There are 2 protein chains.
Amino acid sequence: MKSDKVSLSDIAKAAGVSTALVSYVMSGKEKEGRVGQEMANRIREIAKELNYQPNLLAKSLRNGRTNTIGLIIADISNPFFANIAREVEDESRRNGYTIIIGSSDEDADKAWDLMNVLINRQVDGFIIVSSENSGRLVEHLQNIRLPFVLLDRHFPEYNTDFVVTNNAKASHEAGSHLIQNGYRRIGFIAYKSAMFHVKERIRGYQEALQEHGIEPKATWLKEVQFNAIESEIRTAIDELVQTEEPIDAIIFSTYGLAVNGLKYLNELRLRVPEDLGVVSFGQAEVFDLYYCPISYMRQPIDVLGKKAVSMLITRLSGESGEAQHFTVDAQLIARESSRPKV
Amino acid sequence: MKSDKVSLSDIAKAAGVSTALVSYVMSGKEKEGRVGQEMANRIREIAKELNYQPNLLAKSLRNGRTNTIGLIIADISNPFFANIAREVEDESRRNGYTIIIGSSDEDADKAWDLMNVLINRQVDGFIIVSSENSGRLVEHLQNIRLPFVLLDRHFPEYNTDFVVTNNAKASHEAGSHLIQNGYRRIGFIAYKSAMFHVKERIRGYQEALQEHGIEPKATWLKEVQFNAIESEIRTAIDELVQTEEPIDAIIFSTYGLAVNGLKYLNELRLRVPEDLGVVSFGQAEVFDLYYCPISYMRQPIDVLGKKAVSMLITRLSGESGEAQHFTVDAQLIARESSRPKV
DNA sequence: TACCATTGCTTAAACGTTTAAGCAATGTGA
DNA sequence: TCACATTGCTTAAACGTTTAAGCAATGGTA
């Protein structure tokens, strides 16, 4: 068993022809290389015999594309993102691309460094689930004209391709659902962030209340720091609950918030949904572990992932038109945690 | 702002010297290249000015190493593995390596294909969380002398580097712990698998019972198919519980089994730990969502990941001695789900 | 018959590095 | 003073591809 060492010139030698000819055949360009039928077959034969595997490095060096996509994820330990990553990876592979993942851990500097490492690795383009303050990153990529698609989170102030969920609408739906089921004083817990998707979720929630004639109190909205989630979510929930007019339902804007929040509700011995109705964003399967299945806004991970890949790939193949936007709706999965109040 | 286009020869031109000289300086070989101090500084200066970024492809093509590691994970949607992946990625990056991940989804064929894609990408080595029937893969890598480290799961019949948890011991501890807390009829649910780590976990469990004078009944051991987990786990639990001598505790050998199993226990309205004590393997955070915090065998993900990387990297730097083995102990995190029986 | 197009192939440069080998100038020791 | 070592640089080949350009033989058309 020969190892990886078989090159074009080995085949060429074996066939008694030039490497050019072999290259034309191996890259399916026998037409434009004007290679004879017979010879083409012979070369293919020999290549198979020698188990030829093209050297991708050489290919890339020569033609300037690596067929590699850089995927920068805000937080890979979040299963929602992990599953997005997986979807992106699968879909890319299906299209002949390899992806290199990096997690920025919601840190702009780390994202920046990651981007540079990946640029150095000559990725052809990026798919980015951006973190706070990633404007610089977006600008830089635009400057050097490296194609990229923003996934799940985008910046309205930049004109970029993106694939996102309609967050305002999702939040709106979550809120309306709770109201329809009899909840009135609905809290909302989000990460403290200036990012658009966060603001949108808050907006949707507030609008839903207003449309149903409920004035969303400022104290119902809690913003907790990503880095101090464990402590701050306790304070947040305490403040929502320990007041003369405690909330009767809560919307978690994120998987991580929900996990930590629900945990704390357990500690407080607050019952869902009797004491507190719950709807969450984020990833599903795990919410089933709660004694009471958690209602959530299901984001179509597969659609998001696949669309981002296909959008990027059309860019990579030279498309240079208008920025592409793709917005998909989340779907309310209503379960026990938000069942009608009795 | 110039883009990526600056090459050695641009610097060489600017400095009026040969590319060789620049190369020596840029790769820190001014000593062996016998480059003059003054010239070296001038070159560095110019390089910085032009914002030179070496072309990694060219480098790799020339010297045959890509500084890339292929990471093949059995199931990336499992948070335990996702976190391992993350650890591996971080540690690799810290050492100047980039990793390319692929999930084999516990499928030997997919793992094989992945391996080939990654070999084509000229990874310098592999870290592999292997799936069933990956013997062929191991053999092939040994044949072509591509370094690799098996992580979390290994094959005793092959002489390879590996980094694993002491599964028998962990299982033994889980069993003993339950027994000490008064449980007597302890079930064990594992994936149906011929893999060593699965067998080891079963062995540890059985030995623990025996050492405490309990004969582990064959009916207490349930093996469910990875692909049919949702249905088979129900049958398994039904059979464990609906008998004249139902079990009073259960060990889940895996994160996925635990999630699905606990879910079903909820449906059955079985109370943990009153009706059924529980200890699980797998990832932690999420078990907190259960109304009753789940005891688990904590595997030191960071240690596993870091050790695998360092083991591989020493191989990559030419070490060719004996196969390295590293075994780490899991730690019992005892919580409510296995509290002493009253 | 002369001309041109087509077919089947080869040559060679290029992508951006690394590095062995070589060359000239200077320094050193006997 | 000669021989040789050291210093500071250049040349050029190599890694494995791709592809424009060129060349010779054949076929078709006028």
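Any value given below was found using the heavy atoms of this structure, including those in side chains, with hydrogens, waters and symmetry copies removed. Numbered from 1 within each chain, the chains take letters A, B, ... in sequence-line order. Remember, it's a predicted structure, so these values are computed and weren't measured experimentally.
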Would you please confirm or rule out a distance under 4.0 Å between OP1 or OP2 of [N] and any side-chain N or O of [X]?
X	N	result
A/Tyr52	D/dT17	yes
A/Ser23	D/dT18	yes
A/Lys29	D/dT19	yes
B/Lys59	C/dG16	no
B/Ser18	D/dT10	yes

Residue among A/Phe326, A/Phe148, A/Phe162 satisfying ring-ring contact (aromatic ring centres under 6.0 Å, His included) with A/His154
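With A/His154 as partner, ring-ring contact (aromatic ring centres under 6.0 Å, His included) holds for just one option, A/Phe162.
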Pick base, sugar-phosphate or nothing for B/Gly64, based on heavy-atom distances below 4.0 Å to the nucleic acid.
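Here B/Gly64 touches no strand at all.
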Nearest whole Å is fine: how far is [N] [atom2] from [X] [atom1]?
X	N	atom1	atom2	result
A/Glu30	C/dG8	CD	C1'	13 Å
A/Arg42	C/dG8	CZ	C1'	14 Å
A/Arg121	C/dG16	CZ	C1'	16 Å
B/Leu21	C/dT18	CG	P	13 Å
A/Glu32	D/dG22	CD	P	18 Å
B/Leu8	D/dA14	CG	P	20 Å
B/Met39	D/dC9	CE	C1'	8 Å
B/Lys31	C/dT19	NZ	C1'	19 Å

Note: A/Glu91-A/Arg94 ion pair, threshold 4.0 Å (strictly below)
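A/Arg94 and A/Glu91: salt-bridged.
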Any ion pair linking B/Arg44 and B/Glu30 (charged N to carboxylate O, less than 4.0 Å)?
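So B/Glu30 pairs with B/Arg44 through a salt bridge.
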Out of [options], whichever nucleotide has its closest atom nearest the side chain of [X]:
X	options	answer
B/Arg62	C/dT19, C/dC9, D/dG16	C/dT19
B/Ala20	D/dA13, D/dA12, C/dT10	D/dA12
A/Ser27	D/dT18, C/dG16, C/dT18	D/dT18

Given that B/Ala58 and B/Arg34 both sit by DNA chain C, which one's nearest nucleotide is further toward the 5' end?
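Between the two, 5'-proximity favours B/Ala58.
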Earlier contact from the 5' end, DNA chain D, for B/Gln37 and B/Asn63:
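Per heavy-atom nearest nucleotide, the more 5' residue is B/Gln37.
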Most 5' of B/Gly33 and A/Tyr24 on DNA chain D, judged by nearest nucleotide:
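This one resolves to B/Gly33.
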Can you tell me how far CD1 of B/Ile99 sits from CD1 of B/Ile127, rounded to the nearest 0.5 angstrom?
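One finds 7.5 Å between CD1 of B/Ile127 and CD1 of B/Ile99.
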Which of these, B/Leu57, B/Asn55, B/Leu56, sits in a side chain to side chain contact (heavy atoms under 4.5 Å, CB included) with A/Ser60?
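The residue from B/Leu57, B/Asn55, B/Leu56 that satisfies side chain to side chain contact (heavy atoms under 4.5 Å, CB included) with A/Ser60 turns out to be B/Leu57.
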